[in-house]
Chemist: 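Below is one structure. I have some questions about it.
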Amino acid sequence: MTFSKSQRPTFILAAAALVLGGSVVARAQSPGSTVWSGVYTDEQADRGKAAYAANCASCHGDTLAGIDVAPPLTGAGFLNNWNGTSAGDLFNRIKTTMPLNAPATLSGRTVADIEAFIFKANGFPAGQVALPSAPPMMANMKIVSQKPAN
């Protein structure tokens, strides 16, 4: 394939974006990835904290401990329910069923931010790459209650 001088910069930028974007996807989908490997950023969790307060706290509580029939989103109760599932599974649950008074109204970014806040509240470490806002990119990110041995 031959490119003119005016097309080369565009091609190079497009190729670089594809390579860089592919590395993010590859990291997000890497086999054996767990919530212990830094699957969200601190900035994302901070946005999630505000989104949680606006959309979730009225049912799940300010401390994520759960209220009445709303389950806890931290601690043993949360980890027992979600241990061994994927971050994509949790994303889908939040995206399709929450908030209770207006299910399926949160954007993908808002759901990913809330999920990042939940992960932070459970003591999972932040990383350098934000949690994606598409469940297929989280299919191999496992929620595990115990930190894997290195």
Chemist: If a pair satisfies ring pair (Phe, Tyr, Trp, His ring centres under 6.0 Å) and one of its residues is in residues 88-114, list it, with sequence neighbours excluded.
Modeler: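 The answer is none; no pair qualifies.
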
Chemist: Pairs in or reaching into residues 48-60: which pass salt bridge (charged side-chain N to carboxylate O under 4.0 Å, His left out), with residues at least two apart or in two chains?
Modeler: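 For residues 48-60: none.
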
Chemist: Any side-chain heavy atom of I118 within less than 4.5 Å of one from I94?
Modeler: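 In short, these two side chains touch, coming nearer than 4.5 Å.
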
Chemist: Provide the full list of salt bridge (charged side-chain N to carboxylate O under 4.0 Å, His left out) pairs with a residue in residues 85-113, sequence neighbours left out, each pair given once.
Modeler: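 Pairs touching residues 85-113 that pass the test: R47-D113, R109-D113.
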
Chemist: Does any pair with a residue in residues 136-150 pass salt bridge (charged side-chain N to carboxylate O under 4.0 Å, His left out), and if so which ones, sequence neighbours excluded?
Modeler: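 Listed once each, the pairs would be none.
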
Chemist: With A50, which residues qualify under side chain to side chain contact (heavy atoms under 4.5 Å, CB included), at least two apart?
Modeler: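 Here no residue qualifies.
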
Chemist: Taking E115 for its side chain and L90 for its backbone only, find out whether a donor-acceptor pair lies under 3.5 Å.
Modeler: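 A pair under 3.5 Å: no.
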
Chemist: Mind listing the closest non-hydrogen atom pair of T96 and P103 along with its distance?
Modeler: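 Shortest heavy-atom contact: O-CB, 3.7 Å.
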
Chemist: Run L106 and I114 through side-chain contact (heavy atoms from CB on, under 4.5 Å) and show every step you take.
Modeler: CA-CA 10 Å; L106 301 176; I114 291 169; 4.0 Å; yes

Chemist: What pairs with T110 under side chain to side chain donor-acceptor pair (under 3.5 Å), at least two apart in sequence or on another chain?
Modeler: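 For T110 the side chain to side chain donor-acceptor pair (under 3.5 Å) partners, ignoring immediate neighbours, are S107.
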
Chemist: Which class fits the ring pair F124 and W36: parallel under 30°, tilted 30 to 60°, perpendicular over 60°?
Modeler: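 Aromatic pair F124/W36 classed perpendicular.
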
Chemist: Determine whether N83 and V144 satisfy the following criterion, side-chain contact (heavy atoms from CB on, under 4.5 Å), listing intermediate values before the conclusion.
Modeler: CA-CA 5 Å; N83 191 45; V144 293; 3.9 Å; yes

Chemist: May I ask you to test the S33-M141 pair for a side-chain heavy-atom distance under 4.5 Å?
Modeler: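 A side-chain contact under 4.5 Å exists here.
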
Chemist: Quick check: closest heavy atoms across F119 and A87, and the distance to 0.1 Å?
Modeler: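 Minimum heavy-atom separation between F119 and A87: CZ-CB, 4.0 Å.
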
Chemist: Under the ring pair (Phe, Tyr, Trp, His ring centres under 6.0 Å) test, which residues partner Y40, sequence neighbours left out?
Modeler: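 Listed in chain order: nothing, the list is empty.
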
Chemist: Please tabulate, for side-chain N and O atoms in residues 53-80, each donor-acceptor pair with protein atoms closer than 3.5 Å (sequence neighbours left out).
Modeler:
from	atom 1	to	atom 2	distance (Å)
N55	ND2	A51	O	2.9
H60	ND1	P71	O	2.7
N80	ND2	A76	O	3.1

Chemist: Would you name the heavy atoms of L131 and A116 that are closest together and state the gap between them?
Modeler: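 What the structure gives for the nearest pair is CD2-N, 4.1 Å.
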
Chemist: So, using side chain to side chain donor-acceptor pair (under 3.5 Å) as the criterion, who are the partners of D42 when residues are at least two apart?
Modeler: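 D42 satisfies side chain to side chain donor-acceptor pair (under 3.5 Å) with K120 once adjacent residues are dropped.
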
Chemist: Going by the rule side chain to side chain contact (heavy atoms under 4.5 Å, CB included), which residues pair with A104 if we only count those two or more places apart in sequence or in a different chain?
Modeler: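 Checked A104 against side chain to side chain contact (heavy atoms under 4.5 Å, CB included); zero matches.
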
Chemist: Quick check: closest heavy atoms across A139 and S86, and the distance to 0.1 Å?
Modeler: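 Looking at all heavy atoms of both residues, the shortest contact is O-CB, 3.4 Å.
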
